[in-house]
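Worksheet: one structure, shown below.
Numbered from 1 within each chain, the chains take letters A, B, ... in sequence-line order. Here the structure is a predicted model, which means the values were calculated and not measured.
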Protein chains: 4
Amino acid sequence: MPTASSQPRRTRSGNRRDEAARLAVLHAADDLLVEHGFGALTVEAIARRAGVGKQTIYRWWPSKVEVLLDTLIEDSDKRSAVPTEQPTAESIQAYLRGFARFLTRDPAGKVLLALMAEAQHDPATAQSFHQRYLGPRREQEREMLARAIDAGEISPRLGPDATLDALVGPIVYCALTGASVPRGLVSTLVEDLLRPRPK
Amino acid sequence: MPTASSQPRRTRSGNRRDEAARLAVLHAADDLLVEHGFGALTVEAIARRAGVGKQTIYRWWPSKVEVLLDTLIEDSDKRSAVPTEQPTAESIQAYLRGFARFLTRDPAGKVLLALMAEAQHDPATAQSFHQRYLGPRREQEREMLARAIDAGEISPRLGPDATLDALVGPIVYCALTGASVPRGLVSTLVEDLLRPRPK
Amino acid sequence: MPTASSQPRRTRSGNRRDEAARLAVLHAADDLLVEHGFGALTVEAIARRAGVGKQTIYRWWPSKVEVLLDTLIEDSDKRSAVPTEQPTAESIQAYLRGFARFLTRDPAGKVLLALMAEAQHDPATAQSFHQRYLGPRREQEREMLARAIDAGEISPRLGPDATLDALVGPIVYCALTGASVPRGLVSTLVEDLLRPRPK
Amino acid sequence: MPTASSQPRRTRSGNRRDEAARLAVLHAADDLLVEHGFGALTVEAIARRAGVGKQTIYRWWPSKVEVLLDTLIEDSDKRSAVPTEQPTAESIQAYLRGFARFLTRDPAGKVLLALMAEAQHDPATAQSFHQRYLGPRREQEREMLARAIDAGEISPRLGPDATLDALVGPIVYCALTGASVPRGLVSTLVEDLLRPRPK
DNA sequence: GTATAAACGAGACGGTACGTCCCGTCTTTGT
DNA sequence: ACAAAGACGGGACGTACCGTCTCGTTTATAC
């Protein structure tokens, strides 16, 4: 991870990128999305709320979607990290439960839903969203599965991607339809798909 | 001057709703969505393409989303109907496969994805989408499950909604991420979730 | 439910023109102009107010301007008639004063001003307005002058049209600028232009 | 191709008002009025013709009427200025003749007629038109009269406003009715109203 | 008497313009 | 050099009327 300059940084600009402006934009976008929905998330509104010029946004982000993507990537790792320690069936299940909570309860989860939605409307968003979020995440999840299989913790009947679609898909679907994830769903999925009884 | 007012007489409108205009709007919306994506789906573009006044759209539909919903409801029943005959595990599996094909291959499936996406952005869309599409569909699917259970065809470990989320969720998730539904996913889901081996 | 078609029963129409509808349109137009100004005088508003279908207006009048012209012609003769008896300098002066009052005080005078205004905006209006109102009126006024000259009542230094422009122009101009006609203006005009002292 | 970044450099805009856009709007409005009449003078048409966004018009002018008023005020002083030197009966007469020519011949005169007309239809136009054009002009004319009276050049029988109404009214009236100002009218008015023979 | 034909109210239709909002680009000015 | 500010050309929004057109009803006249 690169440097990340530290001090409060009060001076409003200079000839280097203004970190305060960057954060103001990210927070403004996040807040607007949560408070007024994606429809109210216009570049002008972000700039207004962040007390920033429109050009400052266009200078650093190709579109408002990339702003959201930046917030998502930061928040996602914080609030729903893929287990990197030696995973067990239980820790995988816990990860899925955490992911479900993130999606359906955490305001930051709204960002993910909004981006997944916007990706349906705009190919450029789809491209970025896959490259910067879905792809890396899926890669981590595949690794998690592989290590659990290696350790004999699980033995899924399906290939890694199909398995992950089967586990994550229902959770995402519930979130998209505004429903809570039904009690027992995650555990049953884990039990039936990751530990199929041998014939 | 010879009279010659003979042929079927282009009736073009009158005091009552013009069916030709209605169809032109529905088709224009569908075509625009498939050809240029949701971003190009403006009321003005629909009107232009349908050869119709904007007011004619606003007169009959509260928003472009409702236009899409109308086309979805008509198409969905035609191209991916929920089985109403006595369902078996096999016919349920066939329904899911048909649904997957509808979502990922059929242009009309794009309409469903677009609406599910727009529902994330706009509460009014979410409301309509649930009330007019998701709700009735889920109801039919519940009935399908119930009859299959009664007939002893299946015995799901989860409640009806959780079962349906687990079956439909992965398919929708694949479609949303632009992936094809992995081979074996549907059959494994049906087998593991609807016919759990007796202990 | 016994209907009992009792009340006077507005006999809604028949095979011939409906006089009630005609009057309703004329009055609605007049009222709208006076109450809400020319800007609110749309065909739809007239129809709404008169309780009449738009087509009924378009059937009998080529435009809303002709509706106004109809009301003007009826009212103008009633409220500011050109003297036809043997005119004197005094009766001419009285006519001009009456005309000034009509223009600046009488609601029906607003119709004349509105038409004169609209004639600036639209050549068709100008054409009709001249043909149906200004022309005939000017003709009557010329006759009035001619008879007064013949009788030795007046001896204007200018030709008939120039004289009338000089007499009527200031009154119309005051009305158009929203001013009242200054005290003494009419009498001075009559005295100085119609009875010039012999050199 | 040699570099030659020489010419005035189409600056096209910036933080401050774009003078080129302002002029383009004024000229477009003027041209449209003269060429196609007030009916064709829509904000959209002005924007189209000026090669300007609609918002640029709405940003600087409250309505199309104010655009016209701006052109009128600029043109009016250039083409029909009120005499400021010591006025004589002759220079007053010349001014009136110039004004008559302006109104009936000069394309810019159409703007005045159109505004006077629109003032009949819309109170806001009336307000602006009086405040920004009629009022100041009348003030200049009153001054002209006053100085001529002081110098003993004229001795009108009527008060200043009535005198001006009597002089200007017939000219405006002729222009409004599409007539040319009759030969002899102006000179007779000046002679009979400004130089009344002493009793 | 019944059939025809005209005028009626209602209102849907394809359009045009309204005045507003936001897009993404561009310039100016300040730090 | 970067930032705030905001004007710019463009284009979609949802509304109001335009003038035309059917619809179904009502009623006076013609057969």
ask   = To the nearest Å, how far apart are Asp122(D) CG and dC18(E) C1'?
value = 14 Å
query = Do Leu26(A) and Asp30(A) have side-chain heavy atoms sitting under 4.5 Å apart?
reply = no
task = Just compare dG14(F), dA6(E), dG19(E) and give me whichever is closest to any side-chain atom of Glu44(B).
result = dG14(F)
request  = Specify the residue among Val52(A) and Ser63(B) whose closest nucleotide of DNA chain F lies further upstream toward the 5′ end.
outcome  = Val52(A)
key: First of Thr42(D) and Pro62(A) reached from the 5' end of DNA chain E, by closest nucleotide   = Thr42(D)
task = For Ile46(B) and dA12(F), give me the distance from atom CD1 to atom P, rounded to whole Å.
result = 12 Å
ask   = When you check the phosphate oxygens OP1 and OP2 of dG14(E), does a side-chain N or O of Thr56(B) lie under 4.0 Å from one of them?
value = yes
ask   = Can you find a donor-acceptor pair, distance only, under 3.5 Å between Gln55(D) side chain and dC21(E) base?
value = yes
query = Rounding to a whole Å, what distance do you find between Glu66(D):CD and dG19(E):P?
reply = 13 Å
remark   = Looking only at dA7(F), dC8(E), dT25(E), the nucleotide nearest the Tyr58(A) side chain is dT25(E)
request  = Mind calculating the distance between CZ (Arg49(D)) and P (dG9(F)) to the nearest angstrom?
outcome  = 17 Å
ask   = Whole-Å distance between dG30(E) C1' and Asp18(A) CG?
value = 14 Å
message = Is the ring pair Phe38(B)/His121(A) parallel, tilted or perpendicular, if the boundaries are 30 and 60 degrees?
response = parallel
remark   = Exactly one candidate in Arg132(C), Lys64(C), Arg22(C) meets salt bridge (Lys or Arg N to Asp or Glu O under 4.0 Å) with Asp70(C); the answer is Arg132(C)
ask   = Can you check the Leu23(A) CG to dA3(F) P distance for me, whole Å?
value = 13 Å
inquiry  = Looking at Met116(C), is its backbone amide N or carbonyl O close enough to the side chain of Gln120(C) to form a donor-acceptor pair, meaning the two atoms are under 3.5 Å apart?
reply    = yes
task = Give Arg48(D) one of three labels, base, sugar-phosphate or nothing, depending on what nucleic acid heavy atoms sit under 4.0 Å from its own.
result = sugar-phosphate
query = Side-chain N or O of Trp60(A) less than 4.0 angstrom from OP1 or OP2 on dC2(F)?
reply = no
key: Least distance between heavy atoms, Gly53(A) atom then Ala47(A) atom   = C-CB, 4.2 Å
key: Listed nucleotide nearest any side-chain atom of Val43(B), set dG14(F), dT22(F), dC23(E)   = dG14(F)
query = Does Arg59(C) put a side-chain nitrogen or oxygen below 4.0 Å from OP1 or OP2 of dC8(E)?
reply = yes
key: Nucleotide nearest Lys54(B) (side chain, heavy atoms from C-beta), chosen from dC8(E), dA17(E), dG19(E)   = dA17(E)
query = Rounding to a whole Å, what distance do you find between Arg16(D):CZ and dT29(E):C1'?
reply = 8 Å
task = Take the protein atom CZ of Arg17(C) and the nucleotide atom P of dA28(F), then report the distance between them rounded to whole Å.
result = 17 Å
message = For Ala47(B) and Arg22(C), find the nucleotide of DNA chain E closest to each by heavy atoms; which residue's nucleotide sits nearer the 5' end?
response = Arg22(C)
